[in-house]
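Letters A, B, ... are given to chains in the order of the sequence lines, protein chains preceding strands, and every chain is numbered from 1.
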Amino acid sequence: MSHLLEGLNPEQWAAVTTTEGPLLVIAGAGSGKTRVIVHRIAYLLDQGLARPEQILAVTFTNKAALEMKERIHQLVPPSRRRGELLIATFHSFCVRMLRRHLDRLGGAYTRDFTIYDADDQGRLVKACLKELGLDEKLYPPRAIQYGISAAKNRGETPDTLPPSSDPKRDALIKAFRLYETRLAAANALDFDDLLLLAGRLLRRFQDIADDYNDRFRYILIDEYQDTNPPQLSLTRLLTQQRQNLCAVGDPDQSIYKFRAADIRNILDFERHYPKAKLIVLARNYRSTKTILAAANAVIQNNRARRKKDLATENAAGEPIRCFVAANAEEEADFVVREIIAWQRRQEPLPAAEARAAVLYRTNAQSRSFEEACRRRGLPYALVGGFSFYERAEIKDALAYLRLLLNPHDDAALERVVNVPPRGVGKATLDILTARAASDGVSRWTAMTRLLEENGLGARALTALRGFAALIESLQSALAGAKLAELVRMVLARSGYDAMLKQEGTLEAEGRKQNLDELISAAAEADERGERLREFLDRAALVADTDDLEESARVTLMTIHSAKGLEFPLVFIAGLEEGLFPHARAAHDDEDLEEERRLFYVALTRAKRQLYLTQAERRRVYGEERLTDPSRFLDEIPEALLTTQAGPTTAGRRAGEGMRALQPTANPDLRRFPKPKPAGAPRSSWSAPAAAGSFKVGDRVEHATYGAGQVVRVADGKLDIAFPGKGVKRFVAEAAPLTRISRQ
DNA sequence: AAGTGCCCGTTGTTC
DNA sequence: ACGGGCACTT
């Protein structure tokens with residue numbers, strides 16, 4: 001057991017071995033927080049204080065859970081970890097609980113419920129607004145969706161919200177009420193419901209609460225600063241008997257307020273758990289002194305915070321390099337060149353030491369970095385954006401599978417009832433929707449009723465009978481078939497395969513490949529012994545960060561996605577007012593402090609070398625604008641910074657695309673954006689394509705999307721199908737295209 | 001019912 | 001600049 005405590009500093013040691021009663025570990029960035037959790041679990045097992053199944057560890061992402069499991073496996077001999085050690089996110093933990101007990105809540109919900117993701121949720125909100133006759137322009141669906149979620153997380157229901165004469169408020173309440181009704185009819189739960197209903201189970205049924213309290217003798221929660229009120233409530237319910245709770249987090253890294261995270265959960269921990277002990281881990285093992293000094297200086301500007309200064313014994317290291325590029329393209333190009341140069345210098349070192357990350361505030365910024373990487377032939381991994389499970393064909397296939405377990409899943413039915421086209425048009429769908437609404441049932445039930453009554457046109461009746469028969473026959477195949485077989489069956493019998501085959505385009509080929517990938521994923525699930533239920537739950541709960549490829553040496557991602565990760569080399573891009581801090585956070589002190597915490601998170605990802613970049617001009621909504629440097633740049637002591645003179649690679653004319661460090665603010669320039677110089681030279685990779693020089697069938701190479709095929713040419717625009725990425729439309733002259741061959 | 005053309009909002013971060 | 005939604009066409 002001594003090896004478990006080896007190399008831990010006194011605070012870490014205390015955090016590992018203080019096992020009884022509530023414990024709050026305030027762990028600064030890079031202070032070995034994950035290490036403490038891993039060792040604590042190992043210690044509990046090693047000391048015989050708990051068997052694996054008596055421990056629950058909650059992580060922020062599924063990816064973090066997997067990593068933690070691996071590290072525990074390395075530390076604990078197999079004999080000590082017989083039994084299931086549960087490491088999960090709050091959401092996946094709640095799904096487990098609900099799959100077991102949801103029936104007991106009564107009402108419409110059963111254990112076969114479907115999980116609605118944000119996309120399904122958005123569709124439902126739109127449908128509700130439509131049904132209520134509310135104008136989407138006056139009541140933006142996104143705002144309503146957000147409002148519903150926020151209300152739910154405050155513990156509100158449509159009935160607890162006071163009626164209001166404010167039309168917006170009134171619309172929200174009406175939409176909220178209908179939304180809940182429709183969710184129930186579809187036997188569907190959204191992400192918020194997962195937490196809320198699990199809490200309700202524990203609150204309403206003492207035996208369930210007792211069961212869980214008995215089972216989990218030790219509970220550990222990572223990233224505690226980002227828990228929301230339902231999660232706090234769950235935590236309290238799960239720890240009411242023993243209070244063996246270890247919460248680990250850093251108030252300075254609370255960055256999920258928009259998701260209802262409440263920083264007070266960690267600040268008020270000692271009020272929630274009066275017997276709590278507090279341990280502060282203030283030694284940083286990750287970053288150089290320079291990087292840490294910058295991070296400390298920045299975070300000190302937050303007023304609402306408990307003072308805590310991190311210190312490190314690491315070397316001072318290199319100064320932080322700042323670069324101001326002329327525009328986003330040059331910013332990206334600079335970053336990529338610097339990465340290549342850096343990696344060349346790291347050559348003798350193991351690949352892990354040459355890993356780099358490019359961090360940005362918004363997903364939209366990823367594009368220029370992707371293009372730059374492709375241009376320079378630098379392999380990269382992109383986190384976020386469109387993940388595998390968000391692709392249309394994958395969602396279609398999953399929708400079929402969802403229907404097999406829960407035919408009342410309206411979102412799934414709507415998605416595939418006419419995919420492939422089987423003659424169920426808009427008119428038919430409208431009748432179906434209206435009937436479902438008037439009867440207060442799912443579309444599936446409405447369909448069954450209409451079929452019985454012959455209440456539709458002959459063509460629609462035949463089409464829907466065929467669809468119903470398809471789903472039912474697949475349902476009967478469910479029990480015996482392996483998952484991979486089942487997916488194949490769905491694609492074959494639904495006609496999806498045939499549809500793609502008939503299209504015969506490159507795009508269809510790509511979609512087929514993606515579906516083959518899904519079949520492989522199903523086969524892997526088969527090997528793990530998973531059932532369809534688990535397979536679908538996993539698909540609904542995986543985050544984009546979860547499939548981060550370890551092998552890639554360059555990772556592009558938002559700062560939010562980078563939470564918990566570290567890299568020897570880090571670039572923080574787009575340090576401009578309005579972008580970072582984001583314009584929507586600039587006028588509210590609380591939001592601004594959260595932006596600053598986000599910047600703090602970004603800074604502290606870096607181990608050895610840090611770059612901060614700004615684009616002097618940036619296109620926003622298609623319009624090029626001059627930018628101001630981020631106020632956060634001013635918060636870093638100048639002594640820690642250095643001007644980066646420009647790309648270190650040779651072959652570039654001196655001065656080209658380079659600027660001084662602190663962007664010299666020329667007020668005139670700021671106020672009057674220069675018009676784009678006519679015929680500004682584009683980078684060399686963009687082979688100029690004369691409008692009309694492409695025709696349908698041409699195979700082309702796009703700088704970002706790769707190989708594709710022209711499927712339509714109209715009024716100077718090109719529609720190009722990219723395998724697996726869908727059809728994109730481009731302005732013929734502006735698109736970075738090269739022809740591969742003419743058909 | 002499916003395909004084409006035009007208008008408008010969008011990009012803030014995610015389990 | 002781009003995609004979704006809608007109206008209009010076949």
Can you check whether A:H560 has a side-chain N or O nearer than 4.0 Å to OP1 or OP2 of B:dT14? no
Output yes when at least one side-chain N/O atom of A:R584 is less than 4.0 Å from OP1 or OP2 of B:dG12, else no. yes
Assign each of A:F90 and A:R142 to its nearest nucleotide of DNA chain B by heavy atoms, then name whichever residue's nucleotide is nearer the 5' end. A:R142
Do the numbers put A:R99 on top of the ring of A:F113, so that NZ or CZ is under 6.0 Å from the six-membered ring centre and no more than 45° off the axis? yes
Nearest-Å distance for atom pair CD/P, residues A:Q231 and B:dT14: 16 Å
May I ask you to verify if any side-chain N or O of A:R619 is less than 4.0 angstrom from the OP1 or OP2 atom of C:dC2? no
Given DNA chain B, 5'-ward residue of the pair A:R459 and A:A364, judged by closest heavy atom: A:R459
Between A:N418 and B:dA2, is there a contact of a side-chain N or O with OP1 or OP2 at under 4.0 Å? yes
Just say parallel, tilted or perpendicular for the rings of A:F580 and A:F599, cut-offs at 30° and 60°. perpendicular
Counting only side-chain nitrogens and oxygens, does A:K257 get under 4.0 Å of the OP1 or OP2 atom of B:dG12? no
Whole angstrom is fine here: how far is it from CZ in A:R597 over to C1' in B:dT13? 13 Å
Are the charged groups of A:R402 and A:D409 less than 4.0 angstrom apart, N to O? yes
A:R618 with A:E624: basic N within carboxylate O range, under 4.0 Å: no
Check this one for me: any side-chain N or O of A:T558 less than 4.0 Å away from OP1 or OP2 of B:dG12? no
Under 4.0 Å between a side-chain N or O of A:N363 and OP1 or OP2 of B:dG12? no
